[in-house]
Amino acid sequence: MTSDEAAPVILIDDDSDLLKATAQTLELAGFAVSGFSVASDALAALDVRFAGVVVSDIRMPEIDGLQLFDRILRLDADIPVILVTGHGDIAMAVKAMKDGVYDFITKPFAADRLVQSVRRAAEKRRLVMENRALREATEQAQEGLPLIGQTPAMERLRRTLRQIADTDVDVLVTGETGSGKEVVASLLHRWSRRAKGNFVALNCGTLPETVIESELFGHEAGAFTGAQKKRIGRIEHASGGTLFLDEIESMPPSTQVQMLRVLEMREVTPLGTNELRPVDLRVVAAAKVDLGDPRQRGAFREDLYYRLNVVTISIPPLRERRDDAALLFFYFAERAAARFHRPVPAVPAAVHRHLQDHDWPGNVRELAHFAERFVLGLEEGTQAPDPVPTADAAMPLPERLERYEADIIRETLGRNDGDVRRTIEALGIPRKTFYDKLQRHGIVRSDFSR
Ligand SMILES: Nc1ncnc2c1ncn2[C@@H]1O[C@H](COP(=O)(O)OP(=O)(O)OP(=O)(O)O)[C@@H](O)[C@H]1O
Ligand SMILES: [Mg+2]
């Protein structure tokens, strides 16, 4: 929850000298400025993911500043727009502010006046974006097993899942342990018209070979010793829904042959019968290894691999999408806090660092356990210096985020004995931002010096 990245500013002015000068002012203040001389080009660069502020001149040919504001309002009412005008038209300014323009600045203006306004607007936008990310995470959580992640890799994965969920195509999901293969399989089910049917998960690695056949195909009463009652097999049970074959790489060879038949014929024959029962299946298989690689495939049949490999989804390991670690951490911490009836403790900088630096060989599962241990105060060396809970799940989200931020700043100051240079370095934010934050949170730096 840091704001260490330069906030983007989209700047529009048809006067190229002014555009250059204003851009320079804002860049010096630490913003990432994109300048445009016509509003339509700026609009093309904007969408709901834009994480910054728009600063525009009002008098311009074609689309003027007020019309631009109107378009942005319809695109995303939470993008702050600051309008600049050479004419002190009070009536226009009042109306614009009423309509939701963030600020109205009259030329000529002091550089500081603009910078202050942009800074406040950028902070507001940042909170809106964090809010949205967390809300999305929570909404996903309410749908069932959520697939949390905002990195491009995860966005792409989600898009692919939406595209193929409602087709009947069989899917092979690959990924390291704990990376979310089962989550993906269950989403493919829930996002399809098969959601009304059963999601039947079968772990091919843990089922003893002796029972795997009757588990899969079912049996008649008396089909073999011990088969007192007739049993519907798991494959049939999944008919109309989804069959999830987990750890498919450990499926015994004899079962592989039978499975291949099921996939091709879409029918099963329960043990002890000669019946052919049709099944309406979508099969999702999961593997930890790359079955396409003969060295990793081992005893896995190549023909079964090709049969399953209509669509392959590979989930990247967490270390290749580190930017999701913090979001996942907060999600799991809050979930654990709710489950254990505990507040979420203040998150010290050491934890943030760990989230970024650790390699997470156990991927999301490992991270979830880490968050749980943290909430329970069992995580060595990461305890907050201040045991007083500072944020809890009953608070509105913006307040919670504010508290987290204040905690992180206090903790970093404490660790650095109130040394501003080291604290700023550790937090990775500009000096000015740092002082603004101290003021906003009412933190007194000298309280931390020795
Ligand atoms: N993107 C994600 N968002 C939220 N939770 C996730 C995500 N990915 C995984 N999880 C959670 O992490 C845990 C492990 O995920 P899952 O069981 O799907 O992993 P897996 O790839 O099947 O692992 P294994 O190969 O060890 O069976 C689960 O509790 C799951 O809900
Ligand atoms: Mg699994």
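Values below: every heavy atom of this structure, side chains too, minus hydrogens, waters and symmetry copies. In listed order, ligands and their atoms are each counted from 1.
Ionic pairing of Arg422 and Glu425 is not present here: no N-O contact between side-chain nitrogen and carboxylate oxygen is shorter than 4.0 angstrom. The pair Arg193-Asp168 counts as a salt bridge, with a side-chain nitrogen and a carboxylate oxygen less than 4.0 angstrom apart. With salt bridges taken as basic N to acidic carboxylate O contacts below 4.0 Å, none links Lys181 and Glu176. Residues Glu123 and Arg120 are not paired through a salt bridge, judged by the lack of any N-O separation under 4.0 Å between the basic side chain and the carboxylate. For Arg49 and Asp76, the salt-bridge test fails: no basic side-chain N is under 4.0 Å from an acidic carboxylate O.
Inclusion of Gly178 in the set of residues having an N or O under 3.5 Å from an N or O of ligand 1 is warranted. At least one N/O-N/O distance between Arg365 and ligand 1 falls below 3.5 Å.
Taking all heavy atoms of Gly149, Gly175, Gly180 into account, the minimum distance to atom 16 (P) of ligand 1 is reached by Gly180. Remark: among candidates Glu366, Arg335, Lys181, Arg321, the nearest residue to atom 20 (P) of ligand 1 is Lys181, based on non-hydrogen atoms.
A distance of 9.5 Å separates CD1 of Ile10 from CG of Leu68, quoted to the nearest 0.5 Å. Between atom CG of residue Leu202 and atom CG of residue Leu216 there is a gap of 5.0 Å, rounded to the nearest 0.5 Å.
Proximity of Phe332 to ligand 1, defined as any heavy-atom pair under 4.0 Å, is confined to the side chain (atoms from C-beta onward). Contacts between Leu328 and ligand 1, counted as non-hydrogen atom pairs separated by less than 4.0 Å, involve the side chain only. At a heavy-atom distance under 4.0 Å, only side-chain atoms of Lys288, from C-beta outward, approach ligand 1.
Thr151 and Asp324 share a donor-acceptor pair across their side chains, judged by distance under 3.5 Å alone.
Interface atoms of ligand 1 facing Glu182, defined by a heavy-atom separation under 4.0 Å, are 17 (O), 18 (O), 22 (O). Using a 4.0 Å cut-off to heavy atoms of Met154, the atoms of ligand 1 that qualify are 1 (N). Proximity to Val183 (heavy-atom distance under 4.0 Å) selects the following atoms of ligand 1: 9 (C), 10 (N), 18 (O), 30 (C), 31 (O). Listed by atom number, the atoms of ligand 1 under 4.0 Å from Glu176 heavy atoms are 21 (O).
Put simply, no part of Glu247 is less than 4.0 Å from ligand 1, judged by heavy atoms.
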